[in-house]
Amino acid sequence: MTTSHSPLSQLKAQADKIAATLKAAERGEQIDVRFAEKIEAARSKDSFKVGIVMDDKVITIEMPWATIRSTNEVGLAEYILNQMREARDTVQ
């Protein structure tokens with residue numbers, strides 16, 4: 001299990017896997033059976049909610065299917081990674 005201070009490579013690998021699963025689900029591809037039923041149920045809604053359990057916190061991300069559809073896998077992974085690392089968007 002990871003924390004927000006885990007090595008970047010470890011967090012990135014997790015974020016990449018989550019993003020890949022979201023994109024595969026959005027395209028209607030077969031995904032891990034542990035998640036397939038819940039994702040299929042979520043497809044009837046406007047948005048999708050995913051929970052990421054870490055040693056030091058639980059992150060809940062809610063994202064509209066339209067955003068998942070229009071964002072590439074790299075962009076999704078980057079957003080998820082920033083949430084895992086507690087990165088804050090700053091306005092300059």
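Counting from 1, the numbers follow the sequence of the chain as shown. Not measured: the values here are computed from a predicted model.
- With a 4.5 Å cut-off on side-chain heavy atoms, Ile80 and Ile52 count as touching.
- Between the OG1 atom of Thr71 and the CD atom of Glu26 there is a distance of 10.0 Å, given to the nearest 0.5 Å.
- Ile68 approaches Lys23 most closely through the heavy-atom pair O-NZ, 2.9 Å.
- Among residue pairs with one or both ends in residues 42-57, those qualifying as side-chain hydrogen bond (donor to acceptor under 3.5 Å, both in side chains) are Ser4-Asp56, Ser47-Glu62, Lys57-Glu86; sequence neighbours excluded.
- Applying the salt bridge (Lys or Arg N to Asp or Glu O under 4.0 Å) rule to Glu78 yields no partners; only residues at least two apart in sequence or on another chain are considered.
- No side-chain heavy atom of Ile18 sits less than 4.5 Å from a side-chain heavy atom of Ile61.
- The stretch residues 7-37 participates, sequence neighbours left out, in no ring-ring contact (aromatic ring centres under 6.0 Å, His included) pair at all.
- For the atom pair CD1 (Ile39) and CD1 (Ile31), the distance works out to 3.0 Å, reported to the nearest 0.5 Å.
- By the side-chain hydrogen bond (donor to acceptor under 3.5 Å, both in side chains) test, Lys12 pairs with Asp16, sequence neighbours left out.
- Residues satisfying the side-chain hydrogen bond (donor to acceptor under 3.5 Å, both in side chains) criterion with Arg69, sequence neighbours excluded, are absent altogether.
- Every side-chain hydrogen bond (donor to acceptor under 3.5 Å, both in side chains) that Glu29 has, sequence neighbours left out, goes to Arg27.
- For Thr2, the side-chain contact (heavy atoms from CB on, under 4.5 Å) test picks out Ser6, Gln10, Leu11, Gln14, Met54, Met84, with sequence neighbours left out.
- Cluster annotation: Ile59 and Leu8 are assigned to the same hydrophobic cluster (Ile/Leu/Val/Met/Phe/Trp/Tyr, side-chain heavy-atom contacts under 4.5 Å, transitive).
- Listed by first and then second residue, the ring-ring contact (aromatic ring centres under 6.0 Å, His included) pairs involving residues 38-71 are Phe48-Trp65 (not counting sequence neighbours).
- The nearest pair of heavy atoms linking Ala19 to Ala77 is CB-N, 3.5 Å.
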